[in-house]
Amino acid sequence: MPNCNTTCPYCGVGCGVTAQLAGGQVSGVLGDGDHPANAGRLCVKGTALAETLGDEGRLLHPVLAGHRVSWQAAIAALGSKLQEARERHGPDAIAFYLSGQLLTEDYYVANKLMKGFLGSGNVDTNSRLCMSSAVAAHKRAFGEDVVPCTYADVEDCDLLVMVGSNAAWTHPVVYQRIEAAKQANPGKRIVVIDPRRTASCDLADLHLQLLPGTDAFLFAGLLRHLANNGALDRAFIDAHTSGLDAALDAAGNLDAAGVAQVTGLDAQEVATFYDWFTATERTVSMFSQGVKQSATGTDKCNAVINCHLATGRIGRPGMGPFSITGQPNAMGGREVGGLSNQLAAHMDYDPADVDRVARFWGATDMAAGPGLKAVDLFQAAADGHIKFLWIMATNPAVSLPDSALVRRALARCEFVVVSDCTAQTDTAAFADLLLPAAPWGEKDGTVTNSERVISRQRQLVPALGEARPDWLIVTQVARALGLGEHFDYRGPEAIFREHAALSAFENNGSRAFDIGALAQLDDAQYAALAPVRWPLPASGPAIEPFCDGRFFTADGRARIVAVQPQAPAPGEGMTINTGRFRDQWHTMTRTGRVPRLSQHRDFFSISLNPSDAAQLGLAEGDLVEVGNAQGVVRGLATLDPGIARGQSFVPIHWSGQFTAAGGASNLIPAITDPYSGQPQSKFAHASIAPCAVASWGLLFSREPLVMELAYWSRIAVSGGYLTLLADTAAPATVYAQLARELGADCERAGYEDSVGGDWREVGRRGDTLHYALFLNRSRDALPERGWMTGLGSETPAAGEWHQLLAGFSAERESAGKLVCSCWEVGETQIARAIEAGADSVETLGAALRCGTQCGSCIPELRQLLDQAREDCAA
Ligand SMILES: Nc1nc2c(c(=O)[nH]1)N[C@H]1C(S)=C(S)[C@@H](COP(=O)(O)OP(=O)(O)OC[C@H]3O[C@@H](n4cnc5c(=O)[nH]c(N)nc54)[C@H](O)[C@@H]3O)O[C@H]1N2
Ligand SMILES: Nc1nc2c(c(=O)[nH]1)N[C@H]1C(S)=C(S)[C@@H](COP(=O)(O)OP(=O)(O)OC[C@H]3O[C@@H](n4cnc5c(=O)[nH]c(N)nc54)[C@H](O)[C@@H]3O)O[C@H]1N2
Ligand code: SF4
Ligand SMILES: [Mo]
């Protein structure tokens, strides 16, 4: 059985994956033992990759105005609409909106086409929502967007400060490396800064559960503390930085007690953090969306970086400020210039750069200046200024803030093209032209991970249907526009060589991003390329960023940036926090299709503190509505003591494809950071209220059903879908609505008690169960979810169909809420094993196998063990 090495298409850890191929299919995946990011490990999403392949839900041919068309007709339509918009309204009436999930080669040609040949800077990317505050902060501090750390630093440090990062769930393999390092070095300390108690607090020696949005006060206070306690590295500051005095002035004079007051922390906790930071040379501050997705995100990132510059803790092993990237190719996108205010290869829009890139490309119509940033771009479309918009590999109807505005923009824009591998998404619903893109496993190219390692993604199976790689689609459009000679690539190899050559072009050490050594790879070398970390200049030494004390500003000095901490604007109601779950990826277009990834968190829920819930009269599982001026979402209440009072957490994953009124971004106003344009996706105000429910229901169905109900939420289960539903109408009314959709040609068996409000019905086609519907006034009277999940593979004997209506099968015991997705082990089983004597993660693993494959569930196993110990003690 041949194996093929490739790279995981999910998070920015960028793990190497060894795909096992059999009979032209991917039969399984393993962690690539030779990849520097993961050395054989994979998290739960990575291990389920093979299950995301296949044609289910795939967009397999071009669709123009709702009708299937040939590629030729699709490209011709795209070309003429683009030309028309550009000629009639000027180059700034056209735009591309790209994604950190494109491969570097896809990204490079899209950027080149727009900025070099269509005369507009309007190329932006979902990295605007993700990394742009870090990019802006890096540029302000270092003169260039360079990440100075690697995963080895995270392992080697003695103090790891995790700022607004839930790496246990979002960068699981790095988290596992941290865990192993802490085991090897028990003196290693971990501080987690997050308004929520998350799975990442599992390893923390200190959790600073601060008020949302107040991180800058904490780090400004730290800078002041370092100065007051003689902890500044004067030699480094004098030789390699500027700006300290102004930064100290701006930081203010708050001591630990003062900081504690504004951040809502305990003064002793703040003092402990400051003492640890002061005393620990080898400190890494790993920062993520909790600080980037903020109206003052750039300042917050600089406040963190300042503390490293002022102590000289940068450019040496085991230390530095580390912005860990989210998407698999967020870094590659930054390298090609996918953000509208960058040009290409870490060059910007100053005249010398514009001239240099124009000469290199042989540009015929060079963009003269930056284009619009994502939120402004969609605002411009909503205002009627953008007439043509091409969206690739992102789902802005779900992910951009103020979803109502985005929907208006997509509706108003005259021609919207969506390149995606999924047929039905909330964004695709607005497309005039849908283009089938080849997804992971069906195309070739490169990605760059959080630690600047460039790895190959390799094609494992032929592209399905008429799907094509994104780079090919873009170059075919270029050809249709008469630009063929500038986009005449035989494959991604040729694009990569050009990209590498541009990075080295007239560089002479002026830009850290230099991969000139890769510009001469031949096709075979590209095919076999092993993971490599940049910088990789064609000649001269590859200097790890900043280890020589040189920065990429005009004077070679880093800037300690003056940051005046600001609290978020006050508002009415609860504060809303948004973010990620362990087993889902963004808008669930891929992970949502995998049954075992849909059980850890099954139906769309909103978390709040138990005391707040009690005050609102809410119990676990009740339906709640969260609303503000932007919009409304409805989900099941999850009572989580890890959420502070007055706050609520809405997961980002549920789009309109998976729930009735989800979409965390419906609640997020389009407020952006002034430097980066990154939206404040982690913070909003909203009111929360219980929803009166007259009917609850659980439905197993072979097909996803269309429903007009106050709430429904659906997961993929083996052989079909499981939907939880709730509505204000009585069960009889809900039944009448659903009955129309439930497969007319089924043999039905039912039971109804209209007085008691209990409706049950099963439908079968031949020997197989087609659906099973249970409706009741009371949620507690519904069958067990675990039992419903298994119905797809059940083939009851002929006489047993009616027994299904009882809604419970005595023999099969439910595993309870899934904790370990790899071995499908649930809470009930774990509780039973603990009762039987299992008292550690290891003994649980020995008994049930949970936690023994990818390890992503270990923080939760430990939590269940702690909980059991507490319950026992109480
Ligand atoms: N399972 C999974 N993994 C993923 C992804 C996914 O969709 N699913 N997406 C990937 C992508 S693109 C990204 S960008 C990364 C994101 O990775 P992370 O940034 O780690 O993930 P988030 O859950 O968005 O947010 C992190 C934390 O920020 C906290 N937070 C909110 N407000 C504040 C605040 O004011 N201060 C501080 N200090 N913290 C705050 C939240 O409570 C949350 O726990 O994850 C990547 N990995
Ligand atoms: N409220 C709130 N909003 C957020 C965030 C948050 O924390 N809170 N996080 C933000 C962040 S950090 C991010 S990164 C974004 C993510 O948000 P999105 O980028 O909108 O989310 P995805 O679901 O990853 O969308 C990727 C799309 O590309 C498709 N696709 C996959 N592979 C390919 C391919 O090879 N080619 C093409 N053409 N298409 C492909 C998928 O089917 C999917 O439809 O969300 C942002 N929005
Ligand atoms: S940590 Fe998981 S999702 Fe991220 S790259 Fe590795 S296997 Fe993929
Ligand atoms: Mo992201």
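Whatever order the structure lists them in is the order used to number ligands and atoms, beginning at 1.
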For [X], counting its heavy atoms only, list the atoms of ligand 2 lying under 4.0 Å from any of them.
X      : answer
Ala437 : 36 (N), 37 (C), 38 (N)
Thr422 : 42 (O)
Ser419 : 37 (C), 38 (N), 39 (N)
Gln289 : 12 (S)
Thr587 : 21 (O), 22 (P), 23 (O)
Cys130 : 12 (S), 14 (S)

Is the closest N or O pair between Thr394 and ligand 2 shorter than 3.5 Å? yes
Please determine if Ser99 has a nitrogen or oxygen closer than 3.5 Å to a nitrogen or oxygen of ligand 2. no
[atom]: nearest protein contact (heavy atom, Å):
atom                    : value
atom 45 (O) of ligand 2 : Ser399 CB, 3.3 Å
atom 5 (C) of ligand 2  : Gln293 NE2, 3.3 Å
atom 8 (N) of ligand 1  : Gln584 O, 2.6 Å
atom 11 (C) of ligand 2 : Arg580 NH2, 3.2 Å
atom 22 (P) of ligand 2 : His586 CB, 3.5 Å
atom 26 (C) of ligand 1 : Gly164 O, 3.3 Å
atom 35 (O) of ligand 2 : Lys443 NZ, 3.1 Å
atom 10 (C) of ligand 1 : Trp585 CZ3, 3.3 Å
atom 36 (N) of ligand 2 : Asp470 OD2, 2.8 Å
atom 42 (O) of ligand 2 : Asp420 OD1, 2.6 Å
atom 32 (N) of ligand 1 : Pro195 CG, 3.7 Å
atom 24 (O) of ligand 2 : Gln101 NE2, 2.7 Å
atom 31 (C) of ligand 1 : Asn577 OD1, 3.2 Å
atom 29 (C) of ligand 1 : Asp194 OD2, 3.2 Å

Sole candidate of Asp402, Val650, Thr578 that passes side-chain contact (heavy atoms from CB on, under 4.5 Å) when paired with Ile668: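 The passing option is Thr578.
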Out of Leu98, Val417, Leu410, which one pairs with Ile391 under the side-chain contact (heavy atoms from CB on, under 4.5 Å) rule? Leu410
Among [options], which one has a heavy atom closest to [atom]?
atom                    : options                        : value
atom 33 (C) of ligand 2 : Cys421, Ser403, Pro469         : Cys421
atom 19 (O) of ligand 2 : Val650, Asn395, Asn126         : Asn126
atom 18 (P) of ligand 1 : Gly100, Ser288, Ala168, Gly12  : Ser288
atom 34 (C) of ligand 1 : Ser856, Gly326, Gly290, Gly297 : Gly290

Test: [X] and [Y] ion pair at under 4.0 Å:
X      : Y      : value
Arg593 : Glu51  : no
Asp124 : Lys373 : no
Asp444 : Arg456 : yes
Arg58  : Glu442 : yes
Asp470 : Lys443 : yes

For a 4.5 angstrom cut-off between non-hydrogen side-chain atoms, does [X] reach [Y]?
X      : Y      : value
Pro436 : Trp71  : yes
Pro651 : Arg580 : no
Val123 : Ser340 : no
Leu160 : Ile178 : yes

Is [X] in contact with ligand 1, taking contact as a heavy-atom separation below 4.0 Å?
X      : value
His171 : yes
Phe581 : yes
Lys292 : no
Val291 : no

Take the angle between the ring planes of Phe649 and Phe581 and call it parallel below 30°, perpendicular above 60°, tilted in between. tilted
Compare every heavy atom of Ala295 with every heavy atom of Gln680, then report the nearest pair and how far apart it is.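 Scanning both residues, the minimum pair turns out to be OE1-N, 2.9 Å.
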Distance-minimising heavy-atom pair for Ser676 and Ser133: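 That closest heavy-atom pairing would be OG-OG, 2.9 Å.
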Sub-4.0 Å heavy-atom contact, [X] with ligand 2:
X      : result
Lys682 : yes
Ile652 : yes
Ser665 : yes
Ala330 : no

Select one of side chain, backbone, both or neither to describe which atoms of [X] lie under 4.0 Å from any atom of ligand 1, heavy atoms only.
X      : answer
Phe683 : neither
Arg582 : backbone
Trp169 : backbone
Thr170 : both

Inter-residue atom distance [X].[atom1] - [Y].[atom2], 0.5 Å rounding:
X      : Y      : atom1 : atom2 : answer
Phe287 : Cys301 : CZ    : SG    : 4.5 Å
Asp215 : Ile193 : CG    : CD1   : 6.5 Å
Asp640 : Asn609 : CG    : CG    : 8.0 Å

Going by atom types only, do [X] and [Y] share a side-chain donor-acceptor pair under 3.5 Å?
X      : Y      : answer
Thr591 : Gln584 : yes
Ser856 : Tyr175 : no
Ser450 : Thr325 : yes

Heavy-atom neighbours of Gln853 CD exceed 12 at 6.0 Å: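 More than 12 heavy atoms, drawn from other residues, nucleotides or ligands, come within 6.0 Å of this atom.
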Using a heavy-atom cut-off of under 4.0 Å, does the side chain or the backbone of Trp440 touch ligand 2, or both, or neither? neither
